[in-house]
Amino acid sequence: MSIAMPHKAVWLINYIFGEKIMLGLMQNWPLTVDKIMDHAATNHGRREVVTRSVEGPIVRTTYSEIHARAKQVSNALLAEGIAHGDRVATLAWNSGRHLEVWYGAMGIGAVLHTLNPRLFPEQLVYIINHAEDKLIFTDLTFLPLLEALKDKLATVARYVVLTDKDHMPECGLKGVIDYESWISDHSAQASWGGFDEHTAAGLCYTSGTTGNPKGVLYSHRSNVLHTLLTMQKDVMGLGARDVILPVVPMFHANAWGVALSAPAAGAKMVMPGAKMDGASIYELLESEYVTFSAAVPTVWMMLLQYLESTNSRLSTLKRVAIGGSAVPERIMRLFEEKYGVEVLHAWGMTETSPLGTLGSLGPEADGLSHEEQIKLKLKQGRPPFGVEIKILRDGMQAPRDGQTFGNLVVRGAAIAASYFKGEGGDILDQDGFFDTGDVATIDEHGFMHITDRAKDVIKSGGEWISSIDVENVAVGAPGVAVAAVIGKYHPKWDERPLLILEMAKGASSTKADIFAYLDGKIAKWWMPDDIVFVDAIPLGATGKINKLALRETFKAYELPTALVS
Ligand code: AMP
C-alpha cells in the first residue's frame, strides 16, 4: 500500500480489507521544504544572508526578505505557466538570489534542477534536454556559455539573468530578462506546499564519468529528512548562533544540504558568489565572523596557502566540513594543529543527497593519542541516524575489522532508489541497498574509510591496492602538487600501480627522491612500479582527478617491471 496516500484513505482501505493495522493519531504534517523557509522567516526573520555578488559589492538581506522575494519568484513562475513537476534550472553561484529561486520553485511543486557549469558543454546540453528544463536562471558569468549552447536547448522558453536592469548586457537568449524586473510586479503572497511530501523537489545529475550523466530526483520528504539528519550534533550540528559559509556550490550535490539546513537552524549564511580563491574566502570568513564552512579539499588548499603566505590567523572559524574527495593529511593537520579549527571529514555523493558519513569522534576516541585521533579523523566517518552502510566482498557482508576492503553499499531516508526516467535500470540490490561504486573498510566503531573507487582499485595478485592511499602519501612528498595512481597491466600480478605526478613550479625532486620518500610510508607491495612526471594532471568537472583521461593518456605505456618479468 502506498505510503503516499493520505491518512484517511489508508485507514479506509485497511478498514474495508480488514487489515489489522492501528494507525497513530498524530497530525499529518507533510515534510515539504517550503516549511523550512517559512520557519526561518517566522522565527529567524532578521538573520542575515550575505552575498558577494557577481556584480561586485557585498549584498545583505535577511530570511524574511528572502522569503518574500521567493514568493514573488513563485508568482512569476506561475505567470509563466510553470506547473507542478515542471523542471526549472539554475546555472548559478551561491547567492541570496539563488536561494530565492530554490524556494520559489520548490514551494509551488516545480522541480529545481541545478546545473553544474563545470560540466563539458555537450554534457550540459544533454542534461538540459533530458530534464526538459522550461526556464533557466543564470548568473551573468554564464551568459557566453548559454549563448553558445542556446540553439541546442529545445525546451527552454526563457532565460532569467540573476541581476538587475542596470547590469543587463545585450543578449540574444530567448525571452531573456533580468531577475529584478521579472519578479518586480509580482506579489509576495503565494501559497506554498499543500502537496504530498513525496513530490519531486530537486534534480541533480551525477557527473557521469562513465556514460551519460544520470538524474537524481530528490523529493520534498527526502530533502527534509536529509536536513534533519545533517543537523544532528555529531553531523554538522548547526545552530542559530552559527554563521555558515557554504563554499560547496548549490549546483553540486545541493551544497551538502546547507541551503536547507542553515535556514532550518536560523544560522546566518555567507554566500561567496563566484570568488573562491584564498584571499576572497579569507576576507568573508573574517569580516562576517564565520563559524562553520564546508568545501572540497582543493578550496581549503587555496585558503591554507593564502594563510601561510600572509601569516594570517582565523579568528572566528571553529569547524570545517571537508568532503568530495579524501582529506589530505596536510590539510587536516594545518587546520587542527596550527589554526585550531576542527575538521569534519565527510563522505557522500549526489545519490545520497549527499551526506553519507561524517567523522565526528565519539567516546571511543577518548583514550587515543593525538596521532591516533588524527588517523581516525582521516577516515570518512560514521553514518548518522538515517543512513545505513555496509561492505560487500564477493556478495557477502565483510567483517567490521577496519581491514577488509569491499564495495560500499548504502540505504536510507535520502538515498536514490532509481535515476530520472529510469536511466541505468534497477539500482538497488534485493535488500534495498545502493552500490556506491566506492571501495571501503568499516572498523569496529563503524568508521568507514574509502580506499578507492571500484573502477580505480588496483588488483595485484588477488589483493587490492588503494590508489587513494598511495596518492595521499605521495602528495606529501616535497615538490609534489598533484599525485595520481592508476593500475597498469602486469603479466605476473595482473595489475601494478603507476604513480603519475604533477610537480609544483620550481620543484626539483627526482624519481629516486620520491621512491625514497614513499619507502616505509606505504606497504612494500603497494610501492608503485614506476613514477612518471606530467605537466598537468587532468581534473574532471567536479575538481576530482580524471582517471579516465589519465588511463587514456597512458594506454600505450608499459611498466618497466612488466617488460622484465
Ligand atoms: P559526486 O556524486 O560527484 O559528489 O561524487 C561522489 C563520489 O565522490 C563518491 O562516490 C566518492 O567516490 C567521492 N567522495 C566523496 N567524498 C569523499 C571523501 N571524503 N573521500 C573520498 N572520496 C569521496
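As the structure lists them, so they are numbered: ligands from 1, and atoms in each ligand from 1.
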Do any heavy atoms of Asp438 fall under 4.0 Å from ligand 1? yes
Geometry only, no angles: is Ile450 polar-contacting ligand 1 at N/O separations under 3.5 Å? no
At less than 4.0 angstrom from any non-hydrogen atom of His345, what atoms of ligand 1 do you find? 18 (C), 19 (N), 20 (N)
Check: Val485 main-chain N/O paired with Lys547 side-chain donor or acceptor under 3.5 Å: yes
Under 4.0 Å from a heavy atom of Gly324: give me the atoms of ligand 1 that qualify, with their elements. 8 (O), 13 (C), 14 (N), 15 (C), 16 (N), 17 (C), 23 (C)
Listed partners of Glu502 passing side chain to side chain donor-acceptor pair (under 3.5 Å), at least two apart: none
With the threshold set at under 4.0 angstrom, would you say Ser325 reaches ligand 1 through any of its heavy atoms? yes
When only distance counts, is Ala346 in polar contact with ligand 1, meaning an N/O pair under 3.5 Å? yes
For Gly323, is at least one N or O under 3.5 Å away from an N or O on ligand 1? no
Checking heavy-atom distances from atom 6 (C) of ligand 1 to each of Arg453, His252, His449, Met349, the winner is Met349
Do Tyr419 and Glu351 have side-chain atoms, one donor and one acceptor, less than 3.5 Å apart? yes
Gln380 contact mode with ligand 1 (heavy-atom cut-off under 4.0 Å): side chain
Is the closest heavy-atom distance from Gly348 to ligand 1 below 4.0 Å? yes
Can you check side chain to side chain contact (heavy atoms under 4.5 Å, CB included) on Phe292 and Val320, steps first, answer last? CA-CA 6 Å; Phe292 178 88; Val320 288; over 6 Å; no
Using a distance-only test with no angle check, is there a side-chain donor-acceptor pair under 3.5 angstrom linking Thr90 and His98? yes
Does Phe137 have its ring centroid less than 6.0 Å away from the ring centroid of Trp102? no
State whether a side-chain donor-acceptor pair under 3.5 Å links Trp347 with Asp438. yes
Using distance alone, determine whether Thr350 and ligand 1 share an N or O pair under 3.5 Å. yes
Which residues pass the side chain to side chain contact (heavy atoms under 4.5 Å, CB included) test with Ala295, not counting sequence neighbours? Val247, Val299, Trp300
